[in-house]
Amino acid sequence: MRIGADIKRPPKELIEGLRTLGAATIAGTLGHMGFRNPHMTGILPQTKGKAICGPALTLQCLPQRPDLFSEGEYSDPETQLHRHVLYHVQEGDVVVVDARGDMRSGIFGDMMSTYFKGRGGAGIIIDGVMRDRPNVEKLDLALWLKGWSPNYHVQTDIYPNAVNVTIACGGVTVVPGDIIVADDDGAVVVPVSMAGAVLQDGQKHAEWEEFSRMKLMQGESLQRYYPLHPDANEEYAAWRKLNPVPKG
């Protein structure tokens, strides 16, 4: 079992900028930049209307093996690595768990989730399930999961093996410190090295889409206004001059 170092958190202005774009715009922008599938497939929003953006703390689970894991090890709470990923949580962080898509082991429950909320965590994303749904829902956390189970985290086939290491979640590689953007469309991964370019390109896209959406609502030509045809650039520029992008 391994506990990695704490993450390096990206600048807050970068986080706040990406937050305004949403998962769909970011996924499309990353796709054009060569990151074809940043979306964590099959991990669904459990709290409709929630949207988060924050750096990833990671937890890796592995299949149980008798020479590496035994239930007796967990008589000491501090050997439970799912606790240790929560010890790192700062305000705005996102915990991302590779639970191997297991549908029988509830990684976190009521008490762990309460601690996470008290630490100011932004949201939890699990390629697997949680437990204690009735009480967890009272916490109003932002959650993206595959579902729920009454079983505790090591009751069946997996056990937590490492904290803050590179993992896979929903078919996407997640490096500790990557920026996670999640909303009702799902959760996407933004590598920090690409985040500045994603923000710049995504903002441009969102800006002209505002104009295009208005035109389409008026019944205007789809061919001209989505995507914005070069012949419409001058018209867009004139409209934008009268309708400047709000500062901040």
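Positions are given from 1, in the same order as the sequence printed here. This structure is a prediction, so every number in the text was calculated from the model and none was measured.
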Indicate if Val97 and Val94 have the same hydrophobic cluster label, given that clusters are the connected sets of ILVMFWY residues with side-chain heavy-atom separations under 4.5 angstrom. no
Residues which pass side chain to side chain contact (heavy atoms under 4.5 Å, CB included) with Pro191, listed by chain and number, not counting sequence neighbours: Leu30, Phe35, Asp178, Ser193, Met194
Looking at every heavy atom in both Pro176 and Thr58, which two are closest together, and how far apart are they? CG-OG1, 3.6 Å
Identify the heavy atoms of Gly186 and Ala23 that sit nearest to each other, and give their distance. O-CB, 3.7 Å
Any non-hydrogen side-chain atom of Leu145 less than 4.5 Å from a side-chain atom of Val129? no
Is any side-chain heavy atom of Arg131 less than 4.5 Å from a side-chain heavy atom of Tyr152? yes
With a 4.5 Å cut-off on side-chain heavy atoms, are Val163 and His88 touching? yes
Val192-Ile125 co-clustered via ILVMFWY side chain contacts under 4.5 Å: yes
Grab the two heavy atoms, one from Met33 and one from Ala197, that are nearest each other, plus how far apart they are. CE-CB, 3.6 Å
Between Met103 and Ser149, is there a side-chain heavy-atom distance shorter than 4.5 Å? no
Say whether, by atom type as modelled, one donor and one acceptor occur between the side chain of Arg65 and the main chain of Leu68 under 3.5 angstrom. no
Sidechain-backbone polar pair: Arg104 side chain, Thr156 backbone, donor-acceptor under 3.5 Å: no
Is it true that, when you exclude Gln218 itself, more than 12 heavy atoms of the residues, nucleotides or ligands shown sit nearer than 6.0 Å to its CD? yes
Steps toward side chain to side chain contact (heavy atoms under 4.5 Å, CB included) verdict (Val89, Val85): CA-CA 7 Å; Val89 171; Val85 71; over 6 Å; no
To the nearest 0.5 Å, how far apart are CG in Leu141 and CZ in Phe116? 6.5 Å
Any salt bridge linking Arg224 with Asp231? Criterion: basic side-chain nitrogen under 4.0 Å from a carboxylate oxygen. no
Would you say the side-chain atoms of Thr25 pair up with the backbone N or O of Gly22, donor to acceptor, closer than 3.5 Å? no
Can you see which heavy atom on Ala99 is nearest to which on Cys61, and at what distance? CA-CB, 4.1 Å
Do Val174 and Cys169 have side chains that approach each other closer than 4.5 Å (heavy atoms only, starting at C-beta)? yes
Using a 6.0 Å cut-off, check whether atom CD of Glu78 has over 12 heavy atoms from anything other than its own residue. yes
Here the gap from Ile126 atom CD1 to Ile107 atom CD1, rounded to the nearest 0.5 Å, amounts to 6.0 Å
Could you walk me through whether Leu216 and Leu222 satisfy the side chain to side chain contact (heavy atoms under 4.5 Å, CB included) test, starting with their C-alpha distance in whole Å, then the side-chain angles of each, then the deciding distance to 0.1 Å, before giving a yes or no? CA-CA 7 Å; Leu216 296 178; Leu222 184 64; 4.0 Å; yes
Under 3.5 Å: donor-acceptor pair, side chain of Asp132, backbone of Asn135: no
Donor-acceptor pair, side chain of Arg36 and main chain of Gly31, under 3.5 angstrom: yes
Do you see a donor-acceptor pair shorter than 3.5 Å between the side chains of Asp98 and Gln60? no
Test side-chain contact (heavy atoms from CB on, under 4.5 Å), reference Tyr225, set Arg213, Met214, Glu235, output is Glu235
Give a yes or no on whether a salt bridge exists between Glu16 and Arg19, defined as a side-chain N under 4.0 angstrom from a carboxylate O. yes
In Ile52, Val190, Ile179, the residue satisfying side-chain contact (heavy atoms from CB on, under 4.5 Å) with Ile15 is Ile179
Side chains of Lys50 and Asp183: does their closest heavy-atom pair fall under 4.5 Å? no
To the nearest 0.5 angstrom, please state how far the CE atom of Met40 sits from the CH2 atom of Trp144. 10.5 Å
Arg133 and Gln46: side chain to side chain contact (heavy atoms under 4.5 Å, CB included), yes or no, with the steps? CA-CA 10 Å; Arg133 184 173 188 172; Gln46 303 294 311; 4.2 Å; yes
If two hydrophobic side chains count as joined below 4.5 Å and joins carry through other members, does Val175 share a cluster with Ile3? no
Minimum heavy-atom distance Gly177-Pro10, with the two atoms named: O-CG, 4.0 Å
Can you name the nearest heavy-atom pair linking Met130 to Ile124, along with the distance? SD-CG2, 4.4 Å
Output for pair (Met112 CE, Gln80 CD), nearest 0.5 Å, gives 5.5 Å
Within this structure, what is the CG-CG distance for the pair Leu62 and Asp157, rounded to the nearest 0.5 Å? 12.5 Å
Check the hydrophobic clustering (I, L, V, M, F, W, Y; side-chain heavy atoms under 4.5 Å; chains of links allowed) and say if Leu44 and Ile180 are grouped together. no
Take the angle between the ring planes of Tyr236 and Phe211 and call it parallel below 30°, perpendicular above 60°, tilted in between. tilted
Looking at residues at least two apart in the chain, or sitting in another chain, which of them share a salt bridge (Lys or Arg N to Asp or Glu O under 4.0 Å) with Arg100? none
Angle between ring planes, Tyr87 versus Tyr115, binned at 30° and 60°: parallel, tilted or perpendicular? perpendicular
Give, for atom CZ of Phe69 and atom CD1 of Ile158, the distance between the pair rounded to the nearest 0.5 Å. 10.0 Å
Looking at Asn164 and Ala5, would you say the former's side chain and the latter's main chain have a donor-acceptor pair under 3.5 Å? yes
Can you tell me if Asp201 uses its side chain to pair, donor with acceptor, with the backbone of Val198 under 3.5 Å? no
Between Lys117 and Asp140, does any side-chain N to carboxylate O distance fall below 4.0 Å? no
Within the structure provided, determine whether Val95 and Leu86 are in side-chain contact (heavy-atom separation under 4.5 Å). yes
Dump the intermediate steps for side chain to side chain contact (heavy atoms under 4.5 Å, CB included) on Gln203 and Leu21, then the final yes or no. CA-CA 7 Å; Gln203 284 177 332; Leu21 297 181; 4.0 Å; yes
Does the side chain of Val96 come within less than 4.5 Å of Ile167's, by heavy atoms? yes
I'd like to check the ring pair (Phe, Tyr, Trp, His ring centres under 6.0 Å) partners of Trp208; sequence neighbours left out, ordered by chain and number. His205, Tyr226
